[in-house]
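Can you read through this structure? Questions will come right after.
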Amino acid sequence: MQLKAQGFQLTIPQNNPLPQLLLLTGSDVFLAQHFKKAYKHAWLQQHQQDYEYQQYNIQQPQDWETIEKELMQYSLLSQLRIIDCSYDKKSLDKTAKTFLTQCLSRVDNSYLLMIHMPNLSSTAIGFTTSHPKAATLSIKPPAQPLVLRWIQESLKPTFSHIEPDLPQLIYQYTQGNLFACAQLLQILPIAEAANQSLTVAAVLPYLQNQAQYQLYDLTQACLLGDGDQAFLTFRCALDNKQEPTLLLWIIAQEIRVLAQLHTLQSQGLPFSQASNKLNIWSSRTHHYQNALKRLDTNFLNRLLTQCAHLDIVIKTSGSQTTIIRQFERLLAAFCLGDYRFCIT
């Protein structure tokens, strides 16, 4: 069964019972969690019993065996089990496909298994879409008007009036990061007086505190080669009084991690083991894989040399314009894999 989503709204058919296998494709982690929560709520409406909740990150073939064992076990404390998984690989390997096929033939209805596959296309799980025991959803990032409407509707129940420019301002400061936006929408009703007008002046201090997300977004944009997003995030970070020295340190750290990954792989270590050794989050491994295809060891070393040069410029130059220009050249070289942008 294929599910449909419009923006932030998931349409769940009135099937009874709902499929106990939910497969989600698409890279947006926030929307995946948002839709899993909605589906879980609908499924529990049909199963009014206590349940246990477990999370797994599937990285190795044997991880499927672990989940299979969990599905076979029965608990004395609860009658239902909800198992929430992530699978970051770019292809559905034989073990994964065999496991999913077996799930479709299971007669046990005491569990809900939800698997987010951010790096797979919907066609990779096409064999499950018409099966009555599986629900599939292809996640697509909402367009800007839908995000603006979501911001407006989230604030409307608490505040008597919302300044017209406020949703656009929130979108600008949290662009590309729905987690940051959602957290801000949770903070404002608690921090600001209810049934009052919500103004830009009142919200600005909270927007300036989103810098921690901007630092994450800056490195993510560089790893994915998204120059436009990297420039936008860099400018927003500077507007929020982030020190260029800190921004440079974060970028240099990512370049060093990429260089270390190249070294470990050249020594014969598989990427999954190399990323574990360097404590890379599983949700970000595909970002590093993307960057490794674009940036070889020699190029990364030249980027580190440019970082050292820029560090001197930051510490000795009194010109903010010079610092910004050279920083943006570094970002362009990182994103595009073209060292010519670093030439001054």
Side-chain angles (χ1 to χ4, degrees), residues 25 27 29 55-68 85-99 115-121 124 215-227 229-230 233 245-312 327 329-343:
T25 58
S27 61
V29 178
Q55 286 184 302
Y56 291 94
N57 181 21
I58 303 169
Q59 295 182 321
Q60 305 295 333
Q62 53 266 35
D63 293 334
W64 294 109
E65 298 177 8
T66 301
I67 297 173
E68 176 68 24
C85 303
S86 63
Y87 177 82
D88 291 337
K89 290 187 177 181
K90 293 185 177 180
S91 62
L92 198 64
D93 59 37
K94 182 179 179 180
T95 306
K97 190 168 184 178
T98 299
F99 173 84
I115 308 176
H116 181 211
M117 303 172 165
N119 297 315
L120 294 185
S121 66
L215 299 181
Y216 171 89
D217 286 344
L218 178 59
T219 59
Q220 176 173 291
C222 289
L223 291 172
L224 295 177
D226 189 343
Q229 185 62 38
T233 309
T245 303
L246 173 61
L247 299 176
L248 178 61
W249 180 84
I250 290 170
I251 293 297
Q253 283 293 97
E254 295 292 3
I255 296 171
R256 292 189 186 97
V257 170
L258 289 169
Q260 289 175 299
L261 283 171
H262 269 306
T263 299
L264 291 173
Q265 288 187 287
S266 69
Q267 295 171 352
L269 200 66
F271 176 81
S272 59
Q273 294 181 30
S275 59
N276 286 337
K277 186 179 180 68
L278 297 175
N279 297 318
I280 296 174
W281 294 350
S282 60
S283 60
R284 301 193 77 197
T285 53
H286 65 286
H287 298 165
Y288 289 92
Q289 287 176 313
N290 181 294
L292 289 175
K293 294 176 182 177
R294 190 176 68 252
L295 310 169
D296 60 24
T297 301
N298 290 334
F299 187 86
L300 291 169
N301 288 334
R302 298 181 75 180
L303 285 180
L304 287 174
T305 300
Q306 185 64 21
C307 287
H309 171 73
L310 182 52
D311 184 53
I312 295 173
F327 210 122
R329 285 177 174 170
L330 173 65
L331 294 177
F334 195 167
C335 291
L336 301 178
D338 190 341
Y339 188 76
R340 290 175 297 177
F341 284 98
C342 285
I343 299 174

Measure from the side-chain N and O atoms of Asn301 to the backbone N and O of Asn298, and report whether any donor-acceptor pair falls under 3.5 Å.
no
Sequence neighbours excluded, the answer for ring pair (Phe, Tyr, Trp, His ring centres under 6.0 Å) partners of Tyr87 is Trp64
For Gln62, give me all partners under side chain to side chain donor-acceptor pair (under 3.5 Å), at least two apart in sequence or on another chain.
none
Counterpart residues, side chain to side chain donor-acceptor pair (under 3.5 Å), relative to Asp311 (two or more places apart):
Lys315
Salt bridge (charged side-chain N to carboxylate O under 4.0 Å, His left out) filter on Asp93, not counting sequence neighbours, yields Lys89
All ring pair (Phe, Tyr, Trp, His ring centres under 6.0 Å) counterparts of Tyr56, not counting sequence neighbours:
none
Given 3.5 Å as the limit, does a donor-acceptor pair link the side chain of His262 with the main chain of Leu295, or not?
yes
Only pairs at least two apart or in different chains count here, so list each salt bridge (charged side-chain N to carboxylate O under 4.0 Å, His left out) that has a residue in residues 252-269.
Glu254-Arg284
Using the rule given for side chain to side chain contact (heavy atoms under 4.5 Å, CB included), can you reason through Leu303 versus Phe299, listing the C-alpha separation, both sets of side-chain angles and the distance that settles it, and then say yes or no?
CA-CA 6 Å; Leu303 285 180; Phe299 187 86; 3.4 Å; yes
Which residues pass the side-chain contact (heavy atoms from CB on, under 4.5 Å) test with Asn57, not counting sequence neighbours?
Gln59, Ser86, Asp88, Ser282
Can you name the side-chain contact (heavy atoms from CB on, under 4.5 Å) partners of Ala230, sequence neighbours left out?
Leu218, Ala221, Cys222, Cys335
With sequence neighbours left out, the residues meeting salt bridge (charged side-chain N to carboxylate O under 4.0 Å, His left out) with Glu65 are none
More than 12 heavy atoms of other groups within 6.0 Å of Lys90 NZ
yes
Looking at residues at least two apart in the chain, or sitting in another chain, which of them share a side chain to side chain donor-acceptor pair (under 3.5 Å) with Thr285?
none
Report the residue from Gln260, Gln265, Gln267 that forms a side chain to side chain contact (heavy atoms under 4.5 Å, CB included) with Thr263.
Gln267
Could you tell me which residues satisfy side chain to side chain donor-acceptor pair (under 3.5 Å) with Asn119, sequence neighbours excluded, listed by chain and number?
none
What one should report as the nearest heavy-atom pair of Gln60 and Ser272 is NE2-OG, 3.7 Å
